[in-house]
Amino acid sequence: MYLFGESLGNINNLSRSASRRIFREGVLIKCVQCGHTYDPDPFMVLCPRCRGLLEVVMPSKTSFSMEIARMRRFSVWRYRELLPIDDGVTPVTLNEGGTPLIPLMRCRSGTERVVDVYVKFEGSNPTGSFKDRGMTVGVTIARNIGVEGVIVASTGNTAASAAAYAARAGLRCVVVLPKGGVAKGKIAQALLHGAEIREVEGAFDDALDDVFTEVVVNGGRKLYPLNSYNPWRLEGQKTIAFEIVDELGFVPDIVIVPVGNAGNISAIWKGFKELYSYGLIDKLPRMVGVQAAGAAPLALTWEQGADRLHAVENPQTIASAIRIGKPVNWLKALRAVKESGGRFITVSDEEILVAMKMLAALEGIGVEPASAASLAGYRKLVDSNLIDGGEVVVLIATGHALKDPDTIVSKVAARALQLG
Ligand SMILES: *Cc1c(COP(=O)(O)O)cnc(C)c1O
Ligand SMILES: [Zn+2]
């Protein structure tokens, strides 16, 4: 893959022996570009043959049963048999997941046909975003492979989450942040949990390049990279799909997800597909990815019908968690949306702010700007007649309002509500 140049070779050969105890029997990793499969290796984060992204392949059979799982705590590890971590490994966990699925009551537009709309409120995770679902898996692996710590580039939430889970595991946490581009609540969390913060000039995409350099400079052994090109982290995030099915008791028609690096939408789709392949559900939802108009590489690629990413050089949006111009997981996400019969759409910053205010003032659900993109996207689908009567829609509300207090105070709080 273009992003990281030639240097990943050093990392790929490490720790093969350790991997046997960590991963579930029968788990493989597969290149999404050339299709080659490999035995699981925590340090192999890109395909050694073609540098494509890797994806975890679960065993073809499972002993998982929803009835038995429901006797466990409602959290990521309820679905343990569906995760690639061996049953003998003790997770580094803060009881993440188990987030509320909240039906919208008042936030409906007049033109809307009868649909049921739910918000999956990921703001109620331990550090306030869905990133915790990935970090519980990623940091569990890190703790078992003899590294000193973890390293992430982040628009903020990944840093907050990595910092908390690393603290719990007794590992160092290095976070690389775009200078001036991270919301206050997220920096505060990273500091509080004791992360080592490095700021770089430029945007998130530059910070990610920096992490790569750091990992290579350190020979790949000291700091384990936990960005969303790490396929193991996404395995935790696929539990969003499991919880939706678990709680609704059926599969929704449409799932709407704010898209930045595009790991989450890929992970959620993978979760649904795995339930389907195990015969645990009998239909699949359409996946809708929402991007901010000024940071919409995937929506642009989608509109052009292109099969190569249309990168955005200088991404701009108030929704800092999705201010990303070169989404690492673009190929996975493009395939997910295509396969599911869904689409990508864009929303303006103004539409995001209106949706954020609506969720908060009409429903009592406080989210950060990126998260409100899912409601803004839903409203756009309704206005364009792209949702049928009788459909069930789930909006992923990715992060908590307190993450970005400055935007609330300066742009949202006093806003008069514009309905319909
Ligand atoms: C990380 C994040 C996103 C984007 O998720 P991707 O997996 O990068 O597409 C959206 N909203 C919030 C609040 C996030 O923290
Ligand atoms: Zn490959």
Side-chain angles (χ1 to χ4, degrees), residues 1 8 12 29-38 44-55 120-123 125 127-135 152-162 182-183 185-186 189 204-205 208 226-231 233-234 236-238 240 256-270 287 289-292 295-299 315 317-334 336-337 344 352 356 366-374 377 395-404 407:
M1 174 140 165
L8 256 179
N12 286 335
I29 36 182
K30 179 177 179 183
C31 173
V32 300
Q33 208 163 267
C34 75
H36 203 85
T37 57
Y38 304 90
M44 192 194 288
V45 288
L46 291 181
C47 175
R49 289 174 194 236
C50 78
R51 315 215 171 265
L53 274 197
L54 298 168
E55 177 167 80
K120 182 73 170 156
F121 184 45
E122 291 294 295
N125 274 294
T127 77
S129 85
F130 72 81
K131 301 297 198 300
D132 294 346
R133 296 178 184 271
M135 282 303 159
V152 294
S154 176
T155 63
N157 281 333
T158 297
S161 184
V182 178
K186 306 174 188 182
Q189 287 178 291
F204 168 82
D205 306 289
L208 190 57
L226 279 179
N227 275 105
S228 53
Y229 56 79
N230 180 311
R233 218 188 91 188
L234 298 186
Q237 292 174 207
K238 76 186 180 186
I240 291 178
I256 305 184
V257 190
V259 172
N261 241 327
N264 206 33
I265 193 167
S266 311
I268 296 170
W269 176 242
K270 187 172 191 283
M287 304 296 296
V290 188
Q291 297 207 288
L298 275 161
T317 169
I318 196 161
S320 56
I322 53 173
R323 191 188 294 150
I324 290 173
K326 289 182 243 165
V328 169
N329 290 291
W330 67 271
L331 182 57
K332 287 184 185 177
L334 215 52
V337 167
F344 284 99
I352 287 175
M356 187 171 160
V367 302
E368 66 168 284
S371 316
S374 50
L395 313 178
I396 309 300
T398 45
H400 200 281
L402 292 174
K403 293 284 191 173
D404 190 358
T407 300

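Every number for a ligand or one of its atoms is a count from 1 in the order of the listing.
From Gln33, atom CD reaches atom CG of Leu54 across 10.0 Å, with rounding to the nearest 0.5 Å.
A distance-only check finds no donor-acceptor pair linking the side chain of Gln291 to the backbone of Phe344 [under 3.5 Å]. Judged by distance alone, the side chain of Arg323 and the main-chain N or O of Thr317 form a donor-acceptor pair under 3.5 Å. Of the possible donor and acceptor atoms, none in the side chain of Asp404 sits under 3.5 Å from a partner among the backbone N and O of Glu368. Between the side chain of Asn261 and the backbone N or O of Val328 there is at least one donor-acceptor pair closer than 3.5 Å. The closest donor-acceptor contact from the side chain of Ser374 to the backbone of Ser371 lies under 3.5 Å.
Residue Gln237 has no N or O atom closer than 3.5 Å to an N or O atom of ligand 1. Below 3.5 Å of separation, one finds an N or O of Asn261 facing an N or O of ligand 1. Considering backbone and side-chain atoms together, Ile322 places no N or O closer than 3.5 Å to any N or O of ligand 1. Between Gly260 and ligand 1, at least one pair of N/O atoms sits closer than 3.5 Å.
Taking 2.8 Å as the threshold, Cys50 counts as a candidate ligand of the Zn ion (ligand 2), since one of its N, O or S atoms lies below it.
Here the angle at the Zn ion (ligand 2) defined by SG in Cys47 and SG in Cys31 stands at 110°, rounded to 10 degrees.
If you number the atoms of ligand 1 from 1 as listed, the ones under 4.0 Å from a heavy atom of Ala370 come out as 11 (N). Taking every heavy atom of Thr398 and a limit of under 4.0 angstrom, the matching atoms of ligand 1 come to 10 (C), 11 (N), 12 (C), 13 (C). Against a heavy-atom cut-off of under 4.0 Å, Glu368 is close to the following atoms of ligand 1: 13 (C). Residue Gly263 has at least one heavy-atom neighbour below 4.0 Å for each of these atoms of ligand 1: 6 (P), 7 (O), 9 (O). Ligand-side atoms of ligand 1 in range of Val259: 9 (O), range being under 4.0 angstrom from any heavy atom. Atoms of ligand 1 lying under 4.0 Å from at least one heavy atom of Gly399, given by number and element, are 13 (C).
Contact annotation: for Asn157 versus ligand 1, heavy atoms closer than 4.0 Å belong to the side chain alone. Within the 4.0 Å heavy-atom criterion, the part of Lys131 lying near ligand 1 is the side chain and not the backbone. Contacts between Ala262 and ligand 1 below 4.0 angstrom, taking non-hydrogen atoms only, involve the backbone exclusively.
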Query raised in the report: Passes side chain to side chain contact (heavy atoms under 4.5 Å, CB included), Leu234 versus Lys332? Steps please.
Result: CA-CA 11 Å; Leu234 298 186; Lys332 287 184 185 177; 3.8 Å; yes
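Taking atom 7 (O) of ligand 1 as the reference point, the nearest protein heavy-atom neighbour is Asn264 N, 2.8 Å.
Remark: of the listed residues Lys131, Lys238, Gln237, Gln237 is the sole one forming a side chain to side chain donor-acceptor pair (under 3.5 Å) with Asn264.
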